Number of protein chains: 2
Amino acid sequence: MLKFLGKHLILELWGCNPEALDDIEGIEKMLVDSVEACGATLICVKTHKFSPQGATGVAVLAESHISIHTWPELGYAAMDIFTCGEHVEPAKAIPIIKEFLKPKHIEILDLKRGIRLNEGDLK
Amino acid sequence: MLKFLGKHLILELWGCNPEALDDIEGIEKMLVDSVEACGATLICVKTHKFSPQGATGVAVLAESHISIHTWPELGYAAMDIFTCGEHVEPAKAIPIIKEFLKPKHIEILDLKRGIRLNEGDLK
């Protein structure tokens with residue numbers, strides 16, 4: 001049986017609302033709401049607005065991180081939701097993200113991090 | 001020809017020095033040095049030490065982010081080096097990371113984010 005330490009969802013979000021992608025306060029709220037939806041614990045959130053457009057936001061969690069980087073001019077956002085601990089469910093952030101960014105298309109890569117076969121195979 | 005917006009290296013680091021994985025000041029320096037090695041611009045770095053062990057660090061960049069989450073008890077670290085811009089080369093951080101964490105084994109997944117066929121195919 002495979003065991004793992006982290007759940008890492010990689011989201012490619014296309015056709016998003018350009019205004020949302022450039023709305024730094026809205027992005028910060030989306031991150032905080034996403035943390036809560038996942039059942040994670042927020043340590044801090046940091047956002048940064050670029051000129052003339054684009055934003056970066058990272059929520060540092062007790063269970064890893066959630067990040068977003070946006071290109072409003074392309075309607076694109078790259079998000080990562082990386083959580084550890086069985087009680088946290090990263091996919092529960094997706095409705096929050098869809099509601100705010102309104103992507104027309106989402107691709108999701110579902111990675112497991114720190115995969116182990118069993119306690120004896122740790123290296 | 002495929003175009004992309006971001007270069008995202010996913011590093012699975014096993015057999016690391018447990019002391020380094022729990023050394024929050026050393027991790028912060030490793031992150032800052034990694035940013036410089038990549039040719040990226042640091043906006044801020046945030047680290048957090050867990051009890052009884054383990055650490056998280058995120059460097060927020062003008063060109064996305066570098067993150068680390070550690071499990072000293074397992075000798076494991078999960079790192080992500082996500083950069084955008086042609087002038088930034090995320091792989092140049094790897095020697096800095098190897099020097100500090102001394103992993104016995106590294107797996108690397110090399111993702112491109114925001115892949116596009118051409119300017120007419122955005123979405």
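Computed over heavy atoms, backbone and side chain alike; hydrogens, waters and symmetry mates excluded. Chain letters run A, B, ... following the sequence lines, proteins first, then strands; residues in each count from 1. Source: prediction; values computed, not measured.
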Student: Quick check: under 4.5 Å, non-hydrogen atoms only, which of residues 27-47 of chain B neighbour chain A?
Tutor: I43(B), C44(B), K46(B)
Student: If you measure from OG1 on T83(A) to NZ on K92(A), what distance do you get to the nearest 0.5 Å?
Tutor: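 The OG1 atom of T83(A) sits 11.5 Å away from the NZ atom of K92(A).
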Student: Would you give the length of the straight line joining atom SG of C84(A) to atom CZ of F4(A), rounded to the nearest 0.5 angstrom?
Tutor: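 Separation between the atoms: 11.0 Å.
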Student: Please classify the contact of I68(A) with chain B as side chain, backbone, both or neither, using a heavy-atom distance under 4.5 Å.
Tutor: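 Neither part.
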Student: Taking every non-hydrogen pair under 4.5 Å, which of L61(B), L13(B), I115(B) racks up the most with chain A?
Tutor: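 Top option by heavy-atom pairs under 4.5 Å: I115(B).
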Student: Between H8(A) and H65(A), how do the two ring planes meet: parallel, tilted or perpendicular, split at 30° and 60°?
Tutor: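 It falls in the perpendicular class, over 60°.
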Student: Please classify the contact of S64(B) with chain A as side chain, backbone, both or neither, using a heavy-atom distance under 4.5 Å.
Tutor: both
Student: For the atom pair CD1 (I24(A)) and NZ (K49(A)), what is the distance rounded to the nearest 0.5 Å?
Tutor: 7.0 Å
Student: Select one option (side chain, backbone, both, neither) describing which atoms of H48(A) are under 4.5 Å from chain B's heavy atoms.
Tutor: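 Answer is side chain: those atoms of H48(A) sit under 4.5 Å from chain B.
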Student: In the single-linkage hydrophobic clustering (I, L, V, M, F, W, Y; side-chain heavy atoms under 4.5 Å), do I81(A) and I10(A) co-cluster?
Tutor: no
Student: Quick one: what part of A62(A) sits under 4.5 Å from any heavy atom of chain B, side chain, backbone, both or neither?
Tutor: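 Both parts, heavy atoms under 4.5 Å.
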Student: Once you round to the nearest 0.5 Å, how far does CG of L21(B) lie from CH2 of W71(B)?
Tutor: 10.5 Å
Student: Let me know if L5(A) has heavy atoms under 4.5 Å from chain B in its side chain, its backbone, both or neither.
Tutor: both
Student: Under a 4.5 Å side-chain heavy-atom rule over Ile, Leu, Val, Met, Phe, Trp and Tyr, are F100(B) and I108(B) clustered together?
Tutor: yes
Student: Are any side-chain N or O atoms of N17(B) and backbone N or O atoms of L101(B), one a donor and one an acceptor, separated by less than 3.5 Å?
Tutor: no
Student: Evaluate the ring planes of W14(B) and Y76(B), with Trp represented by its six-membered ring, and classify them as parallel (under 30°), tilted (30 to 60°) or perpendicular (over 60°).
Tutor: tilted
